[in-house]
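Everything below concerns the one structure shown next.
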Amino acid sequence: MNDYLLISFIMTVIGASTPILLAALGELVVEKSGVLNLGVEGMMLVGAVTGFAVTSITGMPLVGIIVAAITATLAALIFAYLTLTLTANQVATGLALTIFGIGLSSLLGEGFVGFTIDVMGPVFPAGLAEHPVLRVVFGHNVVVYFSIAMIGAVAWFLKKSRAGLILRAVGESDSSAHSIGYSVIGVRYAAVAFGGAMAGIGGSYYSLVLTPMWAEQLTAGRGWIALALVVFSAWRPWRLLLGAYFFGVVMTLELYTKAAGITLIAPELLAAMPYIATIAVLALISLRKSAGAQAPACLGQPFKPST
Amino acid sequence: MLLELEARKEPSRSMLYLTPVIAVLLTMVFGAVIFTLLGYNGLAAVREIFITPAIDIGRWPDLGIKAAPLILIATGLSIGFRANVWNIGAEGQYIFGALAGTGVALLTWDMEGVWILPLMCLAGIVGGMLYAAIPALLKIKLEVNEILSSLMMTYVAVQLLYYLMRGPWMDPEGFNFPQTRLFSDSQLMPEIGDTFVHIGVPLAFIIALIAWFTMSKTVFGFQVRVVGAAPHAARYGGFNKNRTVLLSMLAGGGLAGLAGVFEAAGPFGQMVPQFPTGYGFTAIIVAFLGRLHPIGIMLAGVILAISYVGGEIAQTTLGLPNAAAGLFQAMMLFFLLATDILVKYRLRFGSAAPGGAK
């Protein structure tokens, strides 16, 4: 029986990790291009509410996810226009995007509180997906596989592809990239849009799979944890997977100790654990030598081509 | 015809003070359009949220009560923002300060005396400072990003509040409701005359003025401004950056903590789980809209208070959702950041100069 408990524990961890993994992966690409978008939480909420609304109307979760990606991208483009075209302060604009996302999602979601939807099922046939052991590999929905595939894709893109090289060049030295003829602003627009789409998909995972319903501020600060994950990963995609699953374990422990009726630890302390763990992890990684040197050199710096 | 940006030789001072006004006006125009598109009466929404509370004298006490915590917190935050210290966990410091003040109130619940309330305020300031000291020290010692750590601390503070309300601090005669006992007369903020405006409201304005003096007339204020505007010059000038980070974070935390006590001992009159209302986040908008200047912050605090009170009015008269005010507030910040470019650049109409099109 204990083995099966372990299997279901792992399944829950993977579920809890997937949305922050997606959002963090998007933000990693954004930051690699030299832009710091602190609006992840806001974009996730926009994705969560629009994805839920469309799914509850159409009954098709996949359509909901696509719409979530599109609406969150539109939100990201507001950020891009302000910071890239109008060279506004990235920290302040990112905060504004989060506040905007909280307000907009509460407003749009008002009519959808209490709605229910059918949760997305696993990809593989029941024989595999419901197998007591094999389900740990085959029992997931399409978004989980998508998130893993995207890590590979982003890792390859950044390391091996020409476009990825340009993106990194823009993030490391915007003026050099500009002087050899690359569009710094264009590359950054594309990166911010990608970050928005990924945050939107991640956000919709809460309202479509994990919760599944709509409530105000459904993502409860997970967008900020995704931002911390990017720092933790030292801007390396595969290390992001490690970090996301670590946070998945922390969040799942809360559920399991509650379910097991362990009253020794206050439930509030367990609920606070992911946030405490984030601070602890950020403190620990800074002990690593030259932690700061791994950040893209132009991170957060506005760029205005002097034509 | 093309709209072009031309760099100004030096930032325009008039634009610096004009753009917040432009941002508020643009928010009203776009807000009307957006809410019309969402199927509400957009014009009425803007009227109820921005005009009605300002012209109805009966609402003014409420405006003051809502503006006070915003002004206090934003004044503290603006000191950090000027030094490029991004403390965005003011909400957590506000909660923790309020809890420290509540702790004193619960210890002195059967006592009387004029010393109790000042002691609560002091506890609030110290509590807020301690809570801000954690991200400050993490930044100084370990280079942990203060944006993330101070924000994470906010979520921890909320859980601490829940724990205390459901556990050790629950009112023993409160029928198991998760809230503390009601504060006694010695613990409540006195009200001015027969209005329901508590003394924290004028105090908030006075403290903002003191902060103005500190920032413009003392060495500390100068140091903060130099560290923020020219970090290299500050180093050559012998200014200790770490000290500035710590002091500006402590200032932010202390004022947020004080605002927390004012709120707990004022409008709430006890501590409840519903205490966090997002003032710590809205204060970020107030700080920016007020151009990080105490006088600007007072005006911005009143404008944001108008949007809060107006949001409540629109909820009852137009059936507008509660979230509408929040959306208007975020738009104000967006438009302020967008129009910021007018400070450094001037708009020019005309055909593109060679190489000027982009």
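Here is how names work: the chains are called A, B, and so on, in the same order as the sequence lines, proteins then strands, and each is numbered from 1.
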A:T87 versus B:I341: any side-chain heavy-atom pair under 4.5 Å? yes
Which atoms of B:F35 approach chain A - backbone, side chain, both or neither, heavy atom under 4.5 Å: side chain
Does A:R239 have any salt bridge (Lys or Arg N to Asp or Glu O under 4.0 Å) partners at least two apart in sequence or in another chain, and if so, which? none
Nearest 0.5 Å, what's the OG1-CD1 distance between A:T98 and B:I284? 9.5 Å
Most heavy-atom pairs under 4.5 angstrom with chain A, which of B:L151, B:L38, B:L333, B:L336? B:L151
Quick check for you: among A:A88, A:A92, A:A266, A:S105, which has the greatest number of heavy-atom pairs under 4.5 Å with chain B? A:A92
Toward chain A, the part of B:L337 with a non-hydrogen atom under 4.5 Å: both
Who wins among B:K141, B:Q329, B:R166 for the most heavy-atom pairs under 4.5 Å with chain A? B:R166
Top contributor to chain A contacts, counting heavy-atom pairs under 4.5 Å, from B:P321, B:A324, B:G326: B:P321
Residue part contacting chain B, namely of A:E41, when any heavy atom lies under 4.5 Å: side chain
Testing A:L282, A:I276, A:I225 for side chain to side chain contact (heavy atoms under 4.5 Å, CB included) with B:M152, which one passes? A:I225
Rounding to 0.5 Å, atoms CG (B:L320) and CG (A:L107) come to a distance of 7.0 Å
If you tally heavy-atom pairs under 4.5 Å against chain B, which of A:L284, A:V231, A:L97 wins? A:L97
Heavy-atom pair with the smallest gap, counting every atom of A:A283 and B:L138: CB-CD2, 4.1 Å
Mind checking the OG-CH2 spacing from B:S150 to A:W224? Nearest 0.5 Å is all I need. 8.5 Å
Run the ring pair (Phe, Tyr, Trp, His ring centres under 6.0 Å) test against B:Y155 and tell me which residues pass, sequence neighbours left out. A:Y275
Which residues in residues 86-95 of chain B have a heavy atom less than 4.5 Å from any heavy atom of chain A? B:W86, B:I88
Closest non-hydrogen atoms of B:A323 and A:G103, given as atom of the first, atom of the second and distance, are CB-O, 3.7 Å
Side-chain contact, heavy-atom cut-off 4.5 Å: B:F281 with A:L95? no
To the nearest 0.5 Å, how far apart are CG in A:L82 and CZ in B:F334? 6.0 Å
Tell me, side chain or backbone of A:I102 under 4.5 Å from chain B's heavy atoms, or both, or neither? neither
Top contributor to chain B interface from A:L269, A:T93, A:T85 [non-hydrogen pairs under 4.5 Å]: A:T93
Residues forming a side chain to side chain contact (heavy atoms under 4.5 Å, CB included) with B:P273, sequence neighbours excluded: B:Y162, B:M165, B:P178
Region of B:Y345 in contact with chain A, defined by heavy-atom distances below 4.5 Å: side chain
Gap between atom CD1 of A:I285 and atom CD of B:E143 - 0.5 Å precision: 11.0 Å
Taking the side chain as every heavy atom from C-beta outward, state whether A:L38 and B:I147 have any pair of such atoms under 4.5 Å apart. yes
Quick one: CD1 on A:I99 to CE on B:M332, what's the gap to the nearest 0.5 Å? 11.5 Å
